[in-house]
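Okay, structure first, notes after.
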Amino acid sequence: MTREDLAETLEEIALLLELKGENPFKIRAYRTGAETVRQYSGDIVSRAKEGDLKGIKGIGDALQQKLHELASTGKLEYYEKLKSDFPDSLFELFKIQGLGPKKVKAVYESLGVDSIAKLKEACESGKLAELSGFGKKTAEKILEAIEFREQNADRFRLGDVEVPVRQILDSLKGHPDCLRVEAAGSYRRAKETVHDIDFLVATGNPEDVIESFVSEPWVDKVIAKGATKASIYLDNGLQCDLRAVKNEEFACALAYFTGSKEHNVVMRGRANERGYTLNEYRLALKDGSKAEEPPVFETEQQLYEFLELDFVPPELRENTGEVEAAESGDLPRLIELENLRGTFHNHTVASDGQNTLREMADAAIDLGLQYLGIADHSKSSFQANGLDEKRLREQIQEIADLNAEFAENGDKFRIFAGNEVDILKDGTLDFDDDLLEELDYVVASVHNAMTLSEADMTERIIKAVSHPSVTMLGHLTGRLLLRREPYAVDVPAIIEACAETETVIELNCNPWRLDMDWRWWKYAVEKGVKCSINPDAHKTEHLDFLAVGARVARKGWLTRGDVINTMALGEMENFLGVKAIS
DNA sequence: GCCGTTTTCGGCCCGACTGTTTTCAGTCG
């Protein structure tokens with residue numbers, strides 16, 4: 001029984017109570033309880049086991065008793081009983097955008113709908129639209145949401161696969177017969193979402209390596225297993241494929257399995273022109289070719305060189321001009337994680353973050369950063385406990401005090417006082433100008449009214465970035481990967497406005513967002529717009545998103561010079577126009 | 001179901017949007 005098990009059970013109870021139509025405040029109490037369990041700084045599982053939960057705010061008598069029962073026996077009667085009232089499959093309905101507890105309850109009770117498949121049927125047959133409170137448009141919206149889910153259900157966010165990929169790579173590297181190991185495919189190209197992970201190993205003993213690959217404890221199901229390849233599912237549904245090749249084939253195989261398909265087509269074309277064929281194992285002479293016998297490539301670099309190209313970093317291999325640039329020697333020197341000196345757009349407990357200012361600062365220092373920008377939510381973001389004027393001014397003071405302390409201790413580290421200020425529906429900002437000027441920097445973001453027309457949304461954002469106090473634009477399109485489509489907005493027009501107003505655009509590297517999309521950065525750079533790689537961290541661990549951010553920035557062809565948070569502290573103080581702390 | 005210098009009941013975070021409705025319920029952030 002882990003902390004997460006306890007929290008999840010409380011959350012499921014909340015969901016079940018919603019289905020029952022229970023008192024919303026009771027439901028909220030269970031949700032709050034789940035959050036409290038997650039965030040409690042101490043061994044909450046042991047305390048629950050021992051029945052020693054008194055005095056934790058948010059966990060009253062009833063929850064104490066339930067957590068104790070759950071932690072000590074592994075079961076909770078109250079929960080089991082609630083659960084038995086509904087089929088398990090009903091829960092998948094909650095994953096459909098626009099369906100909440102009331103609607104789920106209605107379709108279940110009056111139409112017997114208890115799965116997404118049946119829901120789809122009810123929409124198509126017109127039965128759903130006849131229900132009271134439902135209508136034609138609701139049915140259409142639900143069908144759209146089902147389709148969106150069907151298209152995305154088998155995909156995973158790049159930032160969410162990092163841990164399993166590391167785990168599998170480490171395990172393969174630990175195998176005595178593995179000479180070389182890489183994760184290839186769209187993961188290596190840093191696509192924002194991936195369908196599966198392609199692992200490649202060089203080995204003289206493929207059978208053993210494959211056997212060990214399919215026998216790891218994290219394997220949920222073996223889909224296929226042969227002499228040189230195997231496919232498995234992990235517990236979370238992520239498919240992982242392993243290909244085993246000989247050491248002398250590894251370079252060509254790595255290039256082949258990294259792709260993209262389009263990039264490979266161009267590469268094969270170049271080989272062809274020179275009298276060779278290129279496949280997943282090797283470069284070979286074409287029939288009747290008079291070219292010289294090709295060498296065996298030790299590395300991808302050598303393959304590219306042989307085809308008269310500079311080495312193309314994997315992130316760029318999408319056939320969007322990288323081959324031409326590699327031919328003419330014009331590939332940019334891409335940014336690297338190590339270039340980052342600080343970051344902006346991070347939350348604390350003051351709004352909806354989970355760590356304090358000091359904890360966030362300490363985590364940034366541990367990462368070797370020289371500065372950390374805090375940007376909690378502004379007052380209109382009620383749901384995120386946004387700061388009002390008074391609380392924001394208090395935070396500015398708190399930051400000043402902490403900075404003074406860092407300076408006294410001789411630490412070369414600074415917190416920049418900012419705010420993620422809501423862009424209101426009409427494009428004005430959530431605080432008045434005086435307060436905005438007191439901040440070291442401002443991130444302006446859209447959090448509501450996301451269904452404006454493209455023209456209105458574009459005008460709204462352009463108005464916001466035109467405000468002199470706005471330093472950077474947060475998550476430009478508002479997309480949530482695999483969850484919510486971006487809102488309608490004219491991205492190039494926004495980029496042009498940011499160029500004009502010298503507003504930085506954020507590369508929000510929270511795995512859910514990766515927004516602005518990598519496809520637009522080349523255009524932004526062309527227009528002279530700078531990027532800031534921001535994790536949108538809601539707890540200290542989220543600062544690690546910077547690693548994903550650096551990879552996605554590379555995918556957008558960004559160099560060190562294009563990204564402001566590669567600046568050292570002194571340069572950044574100049575850039576923001578704030579005085580250094582003596 | 002939780003909380004309390006308001007102390008054992010009464011309030012609990014607020015507003016926008018959408019679609020179904022004739023004044024509001026449900027969902028989302």
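Quick note on labels: first sequence line is chain A, next is B, and so on, each numbered from 1. The analysis underlying the following values was restricted to heavy atoms, covering all of them including side chains, and did not include hydrogens, waters or symmetry mates. A quick note: this is a predicted structure, and the numbers were derived from the prediction, not measured.
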Reckon [X] touches a base, only the sugar-phosphate, or nothing at all at heavy-atom distances under 4.0 Å?
X	value
A/Lys66	sugar-phosphate
A/Leu99	sugar-phosphate
A/Pro24	nothing

Just the rounded figure in Å: distance from [atom2] of [N] to [atom1] of [X].
X	N	atom1	atom2	answer
A/Tyr487	B/dA16	OH	P	18 Å
A/Ile96	B/dC28	CD1	C1'	15 Å
A/Glu140	B/dT18	CD	P	15 Å

Of all the nucleotides listed ([options]), which has the minimum atom distance to the side chain of [X]?
X	options	value
A/Lys141	B/dT18, B/dT20, B/dC2	B/dT18
A/Lys425	B/dC17, B/dT20, B/dG29	B/dC17
A/Thr451	B/dT18, B/dG29, B/dG26	B/dT18
A/Lys103	B/dC17, B/dG29, B/dG26	B/dG26
A/Ala449	B/dG1, B/dT20, B/dC17	B/dC17

*List in chain and number order the residues that pass salt bridge (charged side-chain N to carboxylate O under 4.0 Å, His left out) with A/Arg519, two or more places apart in sequence or in another chain; answer none if no residue qualifies.*
A/Glu192, A/Asp517

If we take the [atom1] atom in both [N] and [M], what is their distance in whole Å?
N	M	atom1	answer
B/dC2	B/dC13	P	15 Å
B/dT7	B/dG19	P	47 Å
B/dG10	B/dT20	C1'	33 Å
B/dT21	B/dT27	P	15 Å
B/dT23	B/dC12	C1'	26 Å
B/dT5	B/dG1	P	23 Å
B/dG15	B/dC9	P	30 Å
B/dA16	B/dG11	C1'	24 Å

_Parallel, tilted or perpendicular, as decided by the 30° and 60° cut-offs, for the rings of A/Tyr523 and A/Trp520_ = perpendicular

*Does A/Gly98 or A/Tyr30 map to a spot on DNA chain B nearer the 5' end, using the closest nucleotide for each?*
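On the 5' side of the pair lies A/Tyr30.
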
*Want to settle it: does A/Phe94 or A/Phe134 sit nearer the 5' end of DNA chain B, counting the closest nucleotide to each?*
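Checking each residue's closest nucleotide, the 5'-ward one belongs to A/Phe134.
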
Strictly under 3.5 Å: I want the nitrogen or oxygen pairs between protein and nucleotides 3-10 of chain B, one per line.
residue, atom, partner, partner atom, Å
B/dC3, OP1, A/Gly58, N, 2.5

*For the salt bridge (Lys or Arg N to Asp or Glu O under 4.0 Å) test, which of A/Arg28, A/Arg31, A/Lys105, A/Lys102 pairs with A/Glu18?*
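The residue from A/Arg28, A/Arg31, A/Lys105, A/Lys102 that satisfies salt bridge (Lys or Arg N to Asp or Glu O under 4.0 Å) with A/Glu18 turns out to be A/Arg31.
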
*Between A/Ser378 and A/Asp430, is any side-chain donor less than 3.5 angstrom from a side-chain acceptor?*
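Distance-only check passes for A/Ser378 and A/Asp430.
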
*Regarding A/Thr540 and A/Glu359, is there a side-chain donor-to-acceptor distance under 3.5 Å anywhere?*
no

_Within the structure provided, determine whether A/Lys555 and A/Trp521 are in side-chain contact (heavy-atom separation under 4.5 Å)._
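Of all side-chain heavy-atom pairs linking A/Trp521 with A/Lys555, none is under 4.5 Å.
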
Could you list, one pair per line, each protein nitrogen or oxygen that sits under 3.5 Å from a nitrogen or oxygen of nucleotides 13-15 of chain B, together with the distance?
residue, atom, partner, partner atom, Å
B/dC13, OP1, A/Arg28, NH1, 2.1
B/dC13, OP1, A/Arg28, NH2, 3.4
B/dC13, O2, A/Phe382, O, 3.3

*A/Lys26: what forms a side chain to side chain donor-acceptor pair (under 3.5 Å) with it, not counting sequence neighbours?*
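Per chain and number, A/Lys26 pairs via side chain to side chain donor-acceptor pair (under 3.5 Å) with A/Glu22.
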
_Show the nearest heavy-atom pair for residues A/His347 and A/His345, with the distance to one decimal._
NE2-NE2, 3.2 Å

*Residue pairs passing the salt bridge (charged side-chain N to carboxylate O under 4.0 Å, His left out) test where at least one lies in residues 46-72 of chain A, sequence neighbours excluded*: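 Applying salt bridge (charged side-chain N to carboxylate O under 4.0 Å, His left out) to every pair that reaches into residues 46-72 of chain A, excluding sequence neighbours, yields A/Arg47-A/Asp52.
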
_Summary of ring-ring contact (aromatic ring centres under 6.0 Å, His included) pairs that have at least one residue in residues 426-464 of chain A, sequence neighbours excluded_ = A/Phe344-A/Tyr441, A/His377-A/His447, A/His447-A/His475

